There are 2 protein chains.
Amino acid sequence: MVSGIKPTTVLIADDHQLFNDGLRNLLTFDGTPFRVVEQVYTGADVVPAIHTWRPDVVLLDINLPQRTGLDIARQIVREFPDVRVIIVSMYSYQKFVEELKVIGVAGYLLKSASQQELITCLDRVGQGGTYFDIRLGGKAGDLHLEDDFVKRFKLSPRELEIIVLMKHGLTTSEIAQRLFLSEETVKTHRKNIYYKLDINSLAELIRFANEQGL
Amino acid sequence: MVSGIKPTTVLIADDHQLFNDGLRNLLTFDGTPFRVVEQVYTGADVVPAIHTWRPDVVLLDINLPQRTGLDIARQIVREFPDVRVIIVSMYSYQKFVEELKVIGVAGYLLKSASQQELITCLDRVGQGGTYFDIRLGGKAGDLHLEDDFVKRFKLSPRELEIIVLMKHGLTTSEIAQRLFLSEETVKTHRKNIYYKLDINSLAELIRFANEQGL
DNA sequence: TAAAAAATACCCCTTTCGGGGTATAGGCTA
DNA sequence: TAGCCTATACCCCGAAAGGGGTATTTTTTA
């Protein structure tokens with residue numbers, strides 16, 4: 001961090017200009033070990049910018065227009081093995097995380113992270129390490145959010161499990177298959193869930209889950 | 001803008017800490033006419049913070065967990081008539097804009113706006129005016145995030161509107177009532193949507209919408 | 001202006017969902 | 001051990017969703 005050390009060069013790729021510029025500012029302070037060499041606002045501009053600047057790290061939004069961050073990440077890792085990719089997203093898409101790790105991205109930051117986490121993440125990745133937001137930690141992360149929910153509505157673990165699957169768009173038969181249950185059992189759980197939450201349709205469950213931030 | 005003039009006080013309410021902090025930085029520069037008096041990260045903290053600080057302007061995210069920005073905006077306008085509300089959102093959802101204007105918010109900024117637009121918006125609103133992003137002028141539901149979506153799947157505006165309502169958990173009859181349509185018409189749209197997206201249940205629509213970040 | 005797209009609305013039919021039950025087995029605990 | 005919770009699974013039935021049509025009107029666009 002002492003001046004004189006070569007700074008980590010950073011490319012920021014996010015279509016929300018306010019967020020993009022905000023990130024740049026958060027990385028620009030006295031004695032910063034980072035240098036933002038370029039900012040791009042569309043998916044199409046990412047790869048050309050990497051060509052030009054060869055940044056050490058790319059902060060890549062996963063929800064870019066035109067091309068998805070997933071595709072771009074794949075291409076970067078393939079074509080520029082020494083450019084490290086950090087995904088920045090508002091969602092903790094669990095399945096994406098696994099996929100991204102397989103692809104070979106170096107980090108995953110949530111937009112709800114703090115400046116400190118951003119800097120820690122960039123430090124680690126800049127030094128060749130990886131950083132994945134702790135809130136992505138599968139069940140651990142989910143449960144902490146869901147804890148309240150469970151207590152307030154006296155839901156059993158199984159019921160919570162089924163709520164999550166329903167919210168993710170699995171049909172009754174899909175849930176039954178995945179959990180090795182009879183469809184009738186899933187239906188029973190569903191009935192009990194609806195009774196406890198005082199709702200009576202999948203539509204309402206979705207609304208409810210959205211309202212609870214689940 | 002000359003120093004000595006009382007600065008416009010600002011409260012920032014956004015659950016994405018990186019964005020929230022980024023905004024604060026974008027408003028902090030030499031000779032800034034703004035002073036960020038507080039930042040909050042949940043819907044529940046907004047009104048108490050206004051009580052304490054009585055800011056001139058609130059930059060309010062519309063997608064807050066716990067309480068929607070819409071509800072909060074309504075309450076602020078009702079209880080604190082001299083506190084001006086600027087909505088900050090990633091969507092340029094026309095219906096929201098109309099609703100928000102009726103409620104009495106003073107501005108609407110997109111997250112894809114530039115720092116210059118942010119400052120212009122705050123300047124105008126701070127001086128008692130209003131500011132609505134020019135990109136809001138389009139037809140119902142043309143948010144740039146959905147733009148892609150629409151093009152890829154050749155969805156009509158009406159279909160997109162219905163997708164959004166379905167995703168929010170409205171039943172067929174609720175959608176029919178809200179849009180002043182026959183249930184049969186909604187069913188027709190739903191059929192066409194399912195055909196275009198190659199799906200066959202609400203569950204799959206939810207999954208699809210989640211995957212598309214819609 | 002003619003063709004295409006979008007929006008509206010209905011019919012018929014099958015499948016799934018949702019609400020009312022009942023029932024058995026295992027585990028925890030007061 | 002008797003009671004309670006949880007998880008499992010089934011039956012019946014009405015309501016809603018889903019899938020196949022057809023058709024008219026308005027709007028957009030080539």
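Letters A, B, ... are given to chains in the order of the sequence lines, protein chains preceding strands, and every chain is numbered from 1. Keep in mind that this is a model prediction, so the values were computed, not measured.
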Gap between atoms CG and C1', on Leu160(B) and dA7(C) respectively (whole Å):
15 Å
note: Arg190(A), atom CZ; dT16(C), atom C1'; distance rounded to Å ~ 8 Å
Side chain Glu159(B), main chain Leu155(B), donor-acceptor under 3.5 Å
no
Please determine if a side-chain N or O atom of Ser201(A) lies less than 4.0 Å away from the OP1 or OP2 oxygen of dC17(C).
no
Has His189(B) got a side-chain N or O lying under 4.0 Å from the OP1 or OP2 atom of dA7(C)?
no
In whole angstroms, how far is the P atom of dT8(C) from the CD1 atom of Ile175(B)?
13 Å
Is there a donor on the side chain of Thr185(B) or the base of dC10(C) sitting less than 3.5 Å from an acceptor on the other?
no
Rounded to the nearest Å, what distance is computed from the CD atom of residue Glu204(B) to the P atom of nucleotide dC17(C)?
11 Å
Main-chain N/O of Glu184(A) paired to Thr188(A) side chain as donor or acceptor, under 3.5 Å:
yes
At 4.0 Å (heavy atoms only), tell me whether Tyr194(B) reaches a base, stays on the sugar-phosphate, or touches nothing.
sugar-phosphate
For Leu202(B) and dG18(C), give me the distance from atom CG to atom P, rounded to whole Å.
9 Å
Could you tell me whether a side-chain N or O of Arg54(A) sits under 3.5 Å from a main-chain N or O of Ala49(A), the two making a donor and an acceptor?
no
Backbone N/O of Val40(B) and side chain of Asn20(B): donor-acceptor pair under 3.5 Å
yes
When all nucleic acid strands are considered with a 4.0 Å heavy-atom cut-off, which category describes Thr172(A): base, sugar-phosphate, or nothing?
sugar-phosphate
How many Å lie between CG on Asn192(B) and P on dA4(C), as a whole number?
18 Å
Checking Ile50(A) against Val58(A) for the side chain to side chain contact (heavy atoms under 4.5 Å, CB included) test, could you report, in this order, the C-alpha distance in whole Å, the side-chain angles of both residues, the deciding distance, and whether it holds?
CA-CA 8 Å; Ile50(A) 292 175; Val58(A) 180; 3.8 Å; yes
To the side chain of Glu184(B), which of dC10(D), dA9(C), dG19(C) is closest?
dA9(C)
What is the separation between atom NZ on Lys187(B) and atom P on dC13(C), rounded to the nearest whole Å?
13 Å
Among dC10(C), dA7(C), dT8(D), the nucleotide that comes nearest once only the side chain of Thr188(B) is considered:
dC10(C)
Figure out the CG/C1' separation between Leu181(B) and dA9(C), and round it to whole Å.
10 Å
Look at Ser156(B) and dA6(C) and indicate whether a side-chain polar atom (N or O) is within less than 4.0 Å of OP1 or OP2.
no
Please confirm whether the shortest side-chain N or O distance from Arg158(A) to OP1 or OP2 of dT8(D) is below 4.0 Å.
yes
Picking from dG19(D), dA6(C), dT8(D), the nucleotide nearest the side-chain atoms of Lys191(B) would be dG19(D)
